[in-house]
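Only a predicted model underlies this, so the values are computations on that prediction, with no experimental measurement involved. Lettering of chains follows the sequences in order, A, B, ..., and the numbering in each one begins at 1.
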Amino acid sequence: MPVRTRFAPSPTGYMHIGGMRTALFNWLWARHHGGTFILRIDDTDQQRNMDEALGPILQAFRWLGLNWDEGPEVGGPHGPYFQSQRRGLYDAALQKLLSTGHAYRDFETPAETQAQREAAEREKRVYVSSRVSLQLTADEVQAKLAAGEACVIRLLVPRGETVVINDHVRGTVEWDCNLMPDPVIARSDGSPLYNFATVVDDAAMEISHVIRAEEHLSNTPIQVLLHRALGNVIPEWAHIPYVAAPGSKEKISKRKIAAYRKNPQFQKLFELGDAVLSRLGFDAAADALSPVMVAYYQQVGFLPAGILNALVRLGWSYDDQTEVLSREEMQQKFSLERVIRSPAGLDPDKLISFQSHWMSQLPADDKLEGCLSFLLAAGLISSADDPGTRSYVAAVVDLAADRLRVFGDIFQLDEFFLSDEQLSVDVKNFDKRVRSSATTQENLLLLKDRLQSLADFLAGPLHDLLQAFVAERGIRVGDLFPALRLCVTGKAQGADLFRSLELLGRERVLRRLDRSLSGC
RNA sequence: GGCCCCAUCGUCUAGUUAGGUCUAGGACAUCGGAUUUUCAUUCCGGUAACAGGGGUUCAAAUCCCCUUGGGGUCACCA
């Protein structure tokens with residue numbers, strides 16, 4: 001049987017990081033087997049603007065390079081791929097269930113059902129459907145229908161049976177049908193409910209493996225029953241653990257962002273993100289963008305390889321050694337058998353570590369392109385095409401070296417893009433290392449003349465000059481270098497000092513030295 | 001509360017299916033040290049875990065039971 005997996009998002013306007021991990025596992029399983037990966041849109045109760053709601057989801061897939069073989073935009077032999085357009089299929093399946101006696105019309109009002117539920121709870125009884133509507137004769141049903149009485153359609157759960165599945169990650173799981181209420185499969189307006197539509201579509205689309213988060217485990221018996229009643233081939237199941245919030249076992253959720261900000265394990269990620277997003281004009285506190293959403297990582301300048309690597313290692317491992325995996329490697333090595341059973345907390349530290357690794361592997365040209373677009377978006381350069389700008393930025397990127405973990409980190413070297421006036425100064429360190437020392441100021445003044453007359457303003461000669469100067473004046477490197485850096489870049493630390501000076505060029509260095517010294 | 005799932009270093013995990021080679025391995029984080037003009041990198045090294053209790057067995061992280069803890073789900077949502 002060919003492997004066909006699906007990911008069926010509801011169009012919510014953003015792509016959840018945990019959902020992305022589920023999608024990745026589906027994609028990996030299909031690709032590993034040379035199968036088919038399908039995207040289906042579960043929009044059975046959608047009123048909102050589809051473009052706005054679905055766009056970010058497809059965008060996340062495209063960004064990460066998870067292509068789908070069937071679904072929106074690409075179509076396929078089992079379309080349409082929007083549940084809102086598949087009503088005919090659901091209606092037909094409903095009729096079949098009704099006519100074979102696997103489902104029945106229930107005229108009980110929601111209030112009545114609710115009351116029974118509460119009564120059962122009060123009496124510590126298991127609640128199961130009353131099934132009074134089942135006593136109705138065919139004529140009585142027709143009469144009620146003719147009278148316009150509202151009813152829902154419920155699946156008739158077979159009493160006395162047990163549903164057993166052999167889950168790829170959880171093994172044997174079973175449920176007692178005597179404990180299950182008859183689930184509603186169609187609303188009073190005839191529209192299908194999730195569990196029902198899913199079953200109809202999974203069968204119609206010939207899904208071989210349903211790989212989804214553990215939170216769906218409790219839906220499974222209902223779906224198995226539905227498949228049976230419909231005479232479908234039952235797909236194989238794999239309930240993977242959901243992605244938890246850092247350091248917890250709780251499902252990571254968009255609604256808990258405020259709490260995550262206080263989470264020490266999340267700190268580093270938020271700091272990184274806030275620094276970048278504020279430069280890009282996003283209001284960090286507004287949470288329009290948060291680490292729960294895939295788009296966040298793209299905006300901050302993460303690489304698909306970094307995100308994918310972090311996600312694949314959440315709940316899955318290849319062996320006791322392998323940590324770094326490219327998309328091709330994970331595709332080749334992935335298996336459901338090695339998915340772990342317990343929930344895995346997203347680990348921001350490890351995510352950043354994977355990201356740093358993949359950034360270090362990125363070819364210089366790609367690094368340049370990425371930084372260019374970030375600098376442009378922040379208004380630090382005016383064109384990404386100008387040859388002069390490109391070669392200058394390339395030099396800065398090269399200088400940044402491994403300080404660049406995400407593209408947004410390029411903003412930390414803003415001293416190369418800001419004018420002398422705009423340059424922000426680390427006042428505390430400037431006071432400590434420059435302003436408070438007359439000797440240092442004297443030395444810097446003297447150094448200025450030497451820099452002025454240096455033949456070649458290049459890293460090598462600058463290095464020699466600075467070292468000789470320190471020796472000549474009988475001072476320590478620590479007395480001069482940090483002070484010089486502060487004057488020229490405004491920062492207490494940063495990239496290689498000599499190369500920084502070279503890149504800034506004699507003019508800017510001298511001018512900034514002047515400005516800083518005159519401010520003392 | 002019912003049903004279901006889960007339980008190894010701070011975190012992600014290997015080891016559990018086929019009990020012994022596990023005085024429990026790796027990675028991230030952390031702490032030392034080396035390199036370095038700062039920071040970062042890199043390289044060495046350290047700290048750190050089988051939730052608890054009963055069994056079964058010559059032998060249990062591994063099998064069984066109980067307890068505890070955590071989580072998911074209980075809609076005319078998906």
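- Expressed to the nearest 0.5 Å, how far CG of A:Leu458 lies from CG of A:Leu465 amounts to 12.0 Å.
- In this structure a side-chain-to-backbone donor-acceptor pair under 3.5 Å is missing from A:Gln85 to A:Phe82.
- Within the model, atoms NE2 of A:His16 and OG of A:Ser10 stand 13.0 Å from one another, a figure rounded to the nearest 0.5 Å.
- Using a 4.0 Å heavy-atom criterion, one finds that A:Val184 contacts the sugar-phosphate atoms exclusively.
- Between A:His168 and A:His239, the distance from one ring center to the other does not fall under 6.0 angstrom.
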Quick one: which protein N/O atoms are closer than 3.5 Å to N/O atoms of nucleotides 69-72 of chain B? Pair and distance per line, please.
| unit_1 | atom_1 | unit_2 | atom_2 | d |
| --- | --- | --- | --- | --- |
| B:G71 | OP1 | A:Glu250 | OE2 | 3.3 |
| B:G71 | O2' | A:Tyr242 | OH | 2.1 |

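- Checked against the 6.0 Å centroid criterion, the rings of A:Tyr194 and A:His216 qualify as a close aromatic pair.
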Could you go over nucleotides 15-19 of chain B and give all protein N or O partners under 3.5 Å, atom names and distances?
| unit_1 | atom_1 | unit_2 | atom_2 | d |
| --- | --- | --- | --- | --- |
| B:G15 | OP1 | A:Arg338 | NH1 | 3.0 |
| B:G15 | OP1 | A:Arg338 | NH2 | 3.4 |

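- Pair assignment for B:A24 gives none, since no Watson-Crick or G-U wobble pairing has each distance under 3.5 Å.
- In this structure, A:Phe498 and A:Phe481 have perpendicular ring planes: the angle between them is above 60°, well past the 30° mark.
- Base pairing of B:U30: its partner is B:G46, meeting the Watson-Crick or G-U wobble criterion (both donor-acceptor distances under 3.5 Å).
- When rounded to the nearest whole Å, the span between CZ of A:Arg40 and P of B:A78 equals 12 Å.
- Near RNA chain B, meaning a heavy atom under 4.0 Å from it, residues 107-122 of chain A has A:Pro110, A:Arg117 in order of number.
- Near-neighbour residues of RNA chain B inside residues 161-173 of chain A, defined by a heavy atom below 4.0 Å, number-ordered: A:Arg170, A:Val173.
- Relative orientation of the A:Phe374 and A:Phe411 rings is tilted, given thresholds of 30° and 60° on the angle between their planes.
- Across the protein-nucleic acid pair, A:Met15 atom CE and B:A78 atom C1' stand 13 Å apart, rounded to whole Å.
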Give the C-alpha distance, both sets of side-chain angles, the deciding distance and a yes or no for side chain to side chain contact (heavy atoms under 4.5 Å, CB included) between A:Gln355 and A:Asn309. CA-CA 8 Å; A:Gln355 165 62 23; A:Asn309 205 149; over 6 Å; no
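- For the C1' atoms, the distance from B:C66 to B:G26 is 34 Å, rounded to whole Å.
- With a 6.0 Å cutoff to the six-membered ring centre and a 45° limit on the axis angle, A:Arg21 counts as a cation-pi contact of A:Phe25.
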May I have the step-by-step check of side chain to side chain contact (heavy atoms under 4.5 Å, CB included) for A:Arg87 and A:Asp91, ending in yes or no? CA-CA 6 Å; A:Arg87 182 62 184 271; A:Asp91 288 346; 3.0 Å; yes
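- Counting to the nearest Å, the C1' atom of B:C77 and the CD1 atom of A:Ile185 are 16 Å from each other.
- Between B:U41 and A:Arg405, no contact under 4.0 Å exists linking OP1 or OP2 to a side-chain N or O.
- Protein atom CZ of A:Arg212 is 14 Å distant from nucleotide atom P of B:A78, rounded to whole Å.
- Mapping A:Asn195 and A:Gly345 onto RNA chain B by nearest heavy atom places A:Gly345 at the nucleotide closer to the 5' end.
- Taking only side-chain nitrogens and oxygens, A:Arg105 never comes nearer than 4.0 Å to OP1 or OP2 of B:C76.
- When Watson-Crick and G-U wobble pairs are counted only if both distances are under 3.5 Å, B:A7 pairs with B:U68.
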ring-ring contact (aromatic ring centres under 6.0 Å, His included) between A:Phe354 and A:Phe302, worked out: CA-CA 10 Å; A:Phe354 279 126; A:Phe302 277 82; over 10 Å; no
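- To the nearest angstrom, P of B:C3 lies 13 Å from NZ of A:Lys124.
- Nearest heavy atoms, A:Asp43 versus A:Gln83: OD1-N, 3.1 Å.
- Computed from coordinates, the A:Tyr90 OH to B:A78 P distance equals 10 Å when rounded to whole Å.
- Here the side chain of A:Arg170 pairs a donor or acceptor atom with the backbone of A:Arg341 at under 3.5 angstrom.
- Rounded to a whole Å, the CD1 atom of A:Ile352 is 15 Å from the P atom of B:A40.
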Go along nucleotides 21-39 of chain B 5' to 3' and tag each nucleotide: B for a protein heavy atom under 4.0 Å from its base, S when only backbone or sugar atoms are that close, - otherwise. ----BBBSS-------BBB
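- In this structure, the side-chain hydrogen bond (donor to acceptor under 3.5 Å, both in side chains) partners of A:Asp182, at least two apart in sequence or on a different chain, are A:Tyr104, A:Arg131.
- Residue order along RNA chain B, read from the 5' end via each residue's closest nucleotide, puts A:Gly247 first among A:Gly247 and A:Ala186.
- In this structure, A:Gln223 atom CD and B:C77 atom P are separated by 16 Å, rounded to whole Å.
- Between the side chain of A:Asp409 and the main chain of A:Val406, a donor-acceptor pair closer than 3.5 Å is present.
- A:Arg154 places no side-chain N or O within donor-acceptor distance of the main-chain N or O of A:Arg105, the cut-off being under 3.5 Å.
- In this entry B:C74 has B:G1 as its Watson-Crick or G-U wobble partner, both defining distances falling under 3.5 Å.
- Between A:Ile222 and A:Leu155, the shortest heavy-atom distance links the atoms O-CD2, 4.3 Å.
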